[in-house]
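The structure under discussion appears below in the form of structure tokens.
Counting convention: from 1, in listed order, for ligands and their atoms alike. We're numbering straight along the sequence, starting at 1.
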Amino acid sequence: MTTQEVLRVEQLSVSYGHVQAVVDFDIAVNRGEIVALLGPNGAGKTTVLKTISGQLRAHRGKVHYGGQDIIGMRPDKICRAGVVHVPEGRQVVAPLTVEENLQLAALASRRCPPREVRAGIEHIYSLFPNLAKRRFSASGLLSGGEQQMLAIGRALIARPNVLLLDEPSMGLAPVMTEVIYEFLGNRPDVLREVGVILAEQSRIALSVANRVCILTQGRVAFSGRAVDASHDITVKAYLGTDVTASDPLSGS
Ligand code: ATP
């Protein structure tokens with residue numbers, strides 16, 4: 001690993017029974033960098049993220065992080081080591097309030113000292129003022145966009161070194177997608193040292209990514225700089241018009 005690399009995945013292969021979902025997959029992310037993991041439905045994006053965060057077992061490959069291979073480590077240990085996953089569909093704790101969700105995430109991660117939880121929560125509110133307004137609402141009553149902000153807030157309060165974001169734009173109103181992407185694009189202090197892997201189906205992720213990896217049928221079809229990806233014929237073939245047409249920020 002280079003000094004800037006915070007996580008490196010090598011030759012990862014994952015199967016569900018006889019279904020090979022991911023084959024010989026490589027990806028690396030540097031501090032302060034966003035790597036977009038793009039691909040159509042069923043390409044294997046969620047499988048990659050779940051395997052990195054320990055929720056799925058790989059049958060081959062390595063995930064180098066913090067000087068060790070974390071493949072096979074328990075998900076809670078991986079999270080406490082600083083690799084934090086924001087799953088597809090957000091999965092906030094619906095009956096708990098916004099504030100309780102943030103408190104729980106901070107304490108469960110054991111990465112935010114108890115005396116710093118209050119300040120951590122206020123910091124998340126400063127990043128997402130909508131959450132401050134809803135702090136005493138049950139999170140199950142929030143809009144999809146607010147739940148996504150809360151899911152990201154829960155991850156950030158755990159002070160991650162690596163953030164795994166699974167389709168944060170999925171099912172959101174365009175205005176909410178814009179809020180989330182403005183946040184990622186502006187790279188507030190809280191993200192300056194964090195390596196982000198951002199899985200999306202649409203090219204929207206290219207608007208904030210430094211590098212991009214295109215996954216199709218579990219294999220890497222393209223890997224390179226985001227600026228080159230927008231002109232690459234392989235990328236255009238895989239993202240296609242169907243996907244870009246529904247992209248609220250593409251202007252297409
Ligand atoms: P999406 O954008 O729809 O979330 P994805 O790129 O995240 O798709 P995965 O969910 O990782 O793709 O799925 C990769 C492949 O693994 C697909 O062929 C899918 O059908 C299969 N798969 C996913 N989960 C399971 C499961 N629990 N059991 C069997 N096959 C699965």
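For atom 18 (O) of ligand 1, the nearest non-hydrogen atom of the protein is G42 O, 3.8 Å. If you check which protein heavy atom lies closest to atom 13 (O) of ligand 1, you get T47 OG1, 3.8 Å. The protein atom (non-hydrogen) at minimum distance from atom 26 (C) of ligand 1 is Y16 CD2, 3.4 Å. If you check which protein heavy atom lies closest to atom 3 (O) of ligand 1, you get N41 OD1, 2.3 Å. The protein heavy-atom contact nearest to atom 12 (O) of ligand 1 is G44 N, 3.0 Å.
Within ligand 1, the atoms closer than 4.0 Å to a non-hydrogen atom of E167 are 1 (P), 2 (O), 4 (O), numbered from 1 in the order shown. Residue-ligand proximity, T46 to ligand 1, at heavy-atom distances under 4.0 Å covers atoms 4 (O), 5 (P), 7 (O), 10 (O), 11 (O). Short contacts between ligand 1 and P40, defined as distances under 4.0 Å to a heavy atom of the residue, involve ligand atoms 6 (O). Atoms of ligand 1 lying under 4.0 Å from any heavy atom of A43, numbered from 1 in the order shown and given with element: 5 (P), 6 (O), 12 (O). Distances below 4.0 Å separate heavy atoms of E88 from the following atoms of ligand 1: 4 (O).
The closest side-chain donor-acceptor pair between H85 and Q55 falls under 3.5 angstrom.
E200 places a side-chain N or O within donor-acceptor distance of the main-chain N or O of S169, the cut-off being under 3.5 Å. The backbone N or O of P40 lies less than 3.5 Å from a partner atom in the side chain of K45, making a donor-acceptor pair. Side-chain atoms of S13 come within 3.5 Å of backbone N or O of D24 as a donor-acceptor pair. Remark: side-chain polar atoms of R80 are not paired, donor with acceptor, to backbone N or O of R111 under 3.5 angstrom. Panel note: side chain R187, backbone V208; a donor-acceptor pair is recorded below 3.5 Å.
Side chains of Y65 and I78 form no contact here, defined as non-hydrogen atoms less than 4.5 Å apart.
Smallest separation of non-hydrogen atoms from T216 and A43: CA-CB, 4.2 Å.
Distance check for atom 1 (P) of ligand 1: a protein heavy atom is found below 4.0 Å.
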